[in-house]
Every structure is written in structure tokens, then in C-alpha cells.
Amino acid sequence: MSGTTDPTDPAPTAERRKTARVRWVAGGAVALALLFAGAAAVASARDDGSAPGAAGAPAPDSADAGFARDMAVHHQQAVEMSFIVRDRTEDEDVRRLAYDIANTQANQRGMLLGWLDLWGLPKVAGGDRPPMAWMGDGEGDGGHEHGGHQPDRGSDGVLMAGMASRAELERLARLDGKQAEVFYLQLMTDHHKGGVAMAEACASRCTVPVEQRLARGMVEGQQSELGLMRDMLTERKARPRS
């Protein structure tokens with residue numbers, strides 16, 4: 001009968017199993033990325049002479065340490081947003097972009113945290129030192145005033161340039177289809193703009209060569225994705241928020 005579901009029909013169960021496999025594979029890929037990134041971080045930092053106790057190991061309040069801590073937090077939210085939208089749309093282009101961002105930024109986050117471990121530095125800044133303080137006063141390096149649309153820093157969970165608020169994450173999790181796609185692309189555009197500003201600051205302020213190289217790669221990769229997301233918003237008759 002039309003409108004009813006046959007309990008013996010294997011299709012719903014098969015579809016649920018397929019969805020579960022996709023989620024497991026995606027989650028497993030990110031976990032493996034973190035594992036291998038940590039190992040790569042140790043090897044690359046040793047090659048650059050920045051192991052604990054070496055002359056090249058950065059100070060706890062250095063730009064190198066600050067960037068590693070702050071970008072690890074920044075990247076974690078990008079991964080979270082990407083997993084949210086993956087379950088809110090069936091659009092293959094958006095899902096592919098979200099997977100690429102989640103995989104890339106989870107990998108990079110693993111490297112950043114691996115360097116902090118290697119340097120013997122805490123993953124959270126001590127005292128009253130705020131996030132992004134290592135960038136200075138915002139002049140010259142794309143500092144605090146950059147990063148696209150965002151609420152006041154510190155309000156509703158916003159910590160750094162470009163990061164979404166808790167309310168925005170909750171809204172993304174409630175949307176479906178095209179609305180979810182557009183809002184994700186807008187949030188991630190803001191997120192990338194903030195990330196590019198931070199990476200540019202590290203490229204000019206950090207002293208550990210391997211970290212500078214990673215920062216420059218982040219700038220190139222995220223600027224390329226900004227162009228892609230702008231085009232995807234245009235296709236959906238929308239535009240970035242800033």
C-alpha cells in the first residue's frame with residue numbers, strides 16, 4: 001500500500017548499514033590522519049633541530065607555540081562543522097569538500113599537537129594570555145581585525161578570528177539541504193579567512209622552518225578553497241557574509 005513501509009523490505013536496513021559504513025570510514029580516516037600526522041610531526045621537527053632541549057626549540061610564549069595551540073583549536077572546529085554538514089545534505093560536491101577539509105585539517109592538527117609534545121610545551125596557554133596574543137597588536141600580519149564576519153570574540157564560545165559561535169553551530173545542525181549547504185559555506189568562508197590571517201602571521205613570525213612551511217601551505221590551500229566556496233555559493237544564489 002502506498003505510504004507504508006514493508007517491515008520485511010531489506011532496503012531501509014541496507015541503507016542504514018551503508019550510512020554507518022560511510023560514517024565509520026570517514027571517522028576512521030580522520031583518526032588515522034591524526035595518528036600519522038603526529039608521527040610525521042616528530043620526524044620533521046627532529047630534522048629541523050627543534051626537538052626539546054635543542055637550540056631551535058621555541059619558547060612557551062613564542063609565535064611558534066602560540067600558532068600551534070591556536071590553530072589546533074581553530075582546525076578542530078572546522079572538522080566539527082564539516083562532519084555536521086556531511087549529515088545534513090546529500091549534495092556530493094559539498095560532502096566532498098567537507099570531507100577534504102575535515103581530513104586535511106585533522107591531519108594538520110595532529111602535526112601541531114605533535115610539535116607541542118615534542119617541544120615539551122603545554123597545549124593550553126597558561127595565565128591570562130588570550131588566544132592570538134602571539135600575533136601582536138594586529139598590525140601588518142593580518143591580525144585581530146581580519147577574519148570576516150564574526151561575533152565579539154569571547155562571546156558565545158567564539159575564541160579566535162573566523163570561528164563560529166555555539167549558536168551558529170547549533171543552527172547548522174538544524175538545517176537541511178540547500179540551507180545547510182549555504183550556511184556551511186558561509187561559516188567555512190569566515191573560518192578560512194581567519195585561518196589564513198593566522199597562518200600568514202606564523203609565516204612571518206614563526207622561527208621553526210617546518211612550521212613556517214606548514215603555515216605557507218595552509219595559506220595556499222585555504223585561499224584556493226575560498227575561491228571554490230565562493231563559486232559554490234554563487235551556484236546556490238548566495239554570497240559570503242563578508
Could you tell me if the side chain of Pro240 sits less than 4.5 Å from the side chain of Gln186, heavy atoms only? no

Do the side chains of Val210 and Val219 join up, straight or via other hydrophobic residues, at under 4.5 Å, putting them in one cluster? no

Output, in order, the C-alpha distance, side-chain angles, deciding distance and verdict of side-chain contact (heavy atoms from CB on, under 4.5 Å) for Arg86 and Tyr99. CA-CA 8 Å; Arg86 180 198 63 181; Tyr99 176 79; over 6 Å; no

Of all heavy-atom pairs between Met81 and Ala164, which one has the smallest distance, and what is that distance? SD-CB, 4.1 Å

Considering all heavy atoms, the nearest Ala65-Leu116 contact: O-CD2, 4.1 Å

Please determine whether residues Val196 and Met132 belong to a single hydrophobic cluster, defined as Ile, Leu, Val, Met, Phe, Trp and Tyr linked transitively by side-chain heavy-atom distances below 4.5 Å. no

Say whether, by atom type as modelled, one donor and one acceptor occur between the side chain of Ser204 and the main chain of Ala201 under 3.5 angstrom. yes

Checking Arg109 side chain against His75 main chain: does a donor-acceptor pair fall under 3.5 Å? no

Go through the steps for Gln212 and Thr207 under the test side-chain contact (heavy atoms from CB on, under 4.5 Å), then give the verdict. CA-CA 7 Å; Gln212 287 181 311; Thr207 60; 6.0 Å; no

Heavy-atom closest contact (Gln77 atom, His191 atom, distance): OE1-CD2, 3.3 Å

With a 3.5 Å distance limit and no angle check, can you tell me whether Glu220 reaches the backbone of Gly217 through a side-chain donor-acceptor pair? no

Would you mind telling me which of Arg236, Lys237, Arg95, Arg88 makes a salt bridge (Lys or Arg N to Asp or Glu O under 4.0 Å) with Glu181? Arg236

If we ignore hydrogens and angles and just use 3.5 Å, is the side chain of Ser62 paired with the main-chain N or O of Pro58 as donor and acceptor? no

One thing to verify: whether Lys193 and Asp190 come together as a salt bridge, which I'm taking to mean a side-chain N less than 4.0 angstrom from a carboxylate O. no

With side-chain contact (heavy atoms from CB on, under 4.5 Å) as the test, would you mind laying out the steps for Leu214 and Leu112 before giving the verdict? CA-CA 9 Å; Leu214 177 65; Leu112 295 166; 3.9 Å; yes

Does Met198 offer a backbone N or O that forms a donor-acceptor pair with the side chain of His74 under 3.5 Å? no

How long is the gap from CG on Leu228 to CG on Asp93, to the nearest 0.5 Å? 8.5 Å

Enter the distance from Arg174:CZ to Phe183:CZ here, rounded to the nearest 0.5 Å. 9.0 Å

Please check if the side chain of Thr234 supplies one atom and the backbone of Arg230 the other of a donor-acceptor pair under 3.5 Å. yes

Taking 4.0 angstrom as the limit, do Glu225 and Arg96 come out as a salt bridge? no

When clusters are formed by joining ILVMFWY residues with side-chain heavy atoms under 4.5 Å apart, either directly or through shared neighbours, do Met135 and Val73 land in the same one? yes

Should we say atom CD of Gln179 is surrounded by more than 12 heavy atoms from elsewhere, each under 6.0 Å from it? no

Just how far is it from atom CE of Met71 to atom CE of Met160, taken to the nearest 0.5 Å? 8.5 Å

Minimum heavy-atom separation for Ala203 to Ala215, with atom names? N-CB, 4.0 Å

Identify, with sequence neighbours excluded, every residue that meets side-chain contact (heavy atoms from CB on, under 4.5 Å) alongside Arg239. none

I'd like to know if Ile84 and Met163 are part of one continuous hydrophobic network [Ile/Leu/Val/Met/Phe/Trp/Tyr, side-chain heavy atoms within less than 4.5 Å]. no

Distance in Å, Leu121 CG paired with Lys123 NZ, rounded so as to fall on 0.5 Å steps: 9.5 Å

What's the verdict on side-chain contact (heavy atoms from CB on, under 4.5 Å) for Ile101 and Met188, showing C-alpha distance, side-chain angles and the deciding distance? CA-CA 10 Å; Ile101 289 174; Met188 194 58 73; 3.7 Å; yes

Under 3.5 Å donor-acceptor, Arg69 side chain and Pro122 backbone: yes

In terms of ring plane angle, is the pair Trp134 and Phe67 parallel, tilted or perpendicular, where the classes change at 30° and 60°? perpendicular

Would you say the side chain of Leu97 lies within less than 4.5 Å of the side chain of Leu185, judging by non-hydrogen atoms? yes

Consider only side-chain N and O atoms of Ser82 and Tyr184, and report whether a donor and an acceptor are under 3.5 Å apart. yes

Inter-residue atom distance Trp119.CH2 - Asp64.CG, 0.5 Å rounding: 5.0 Å

Atom CD in Glu80, atom CG in Leu172: separation rounded to 0.5 Å? 9.0 Å

Would a single hydrophobic cluster contain both Val79 and Leu169, if residues Ile, Leu, Val, Met, Phe, Trp and Tyr are joined by side-chain heavy-atom contacts under 4.5 Å? no

Closest contact, heavy atoms only, Thr189 versus Leu226: O-CD2, 3.5 Å

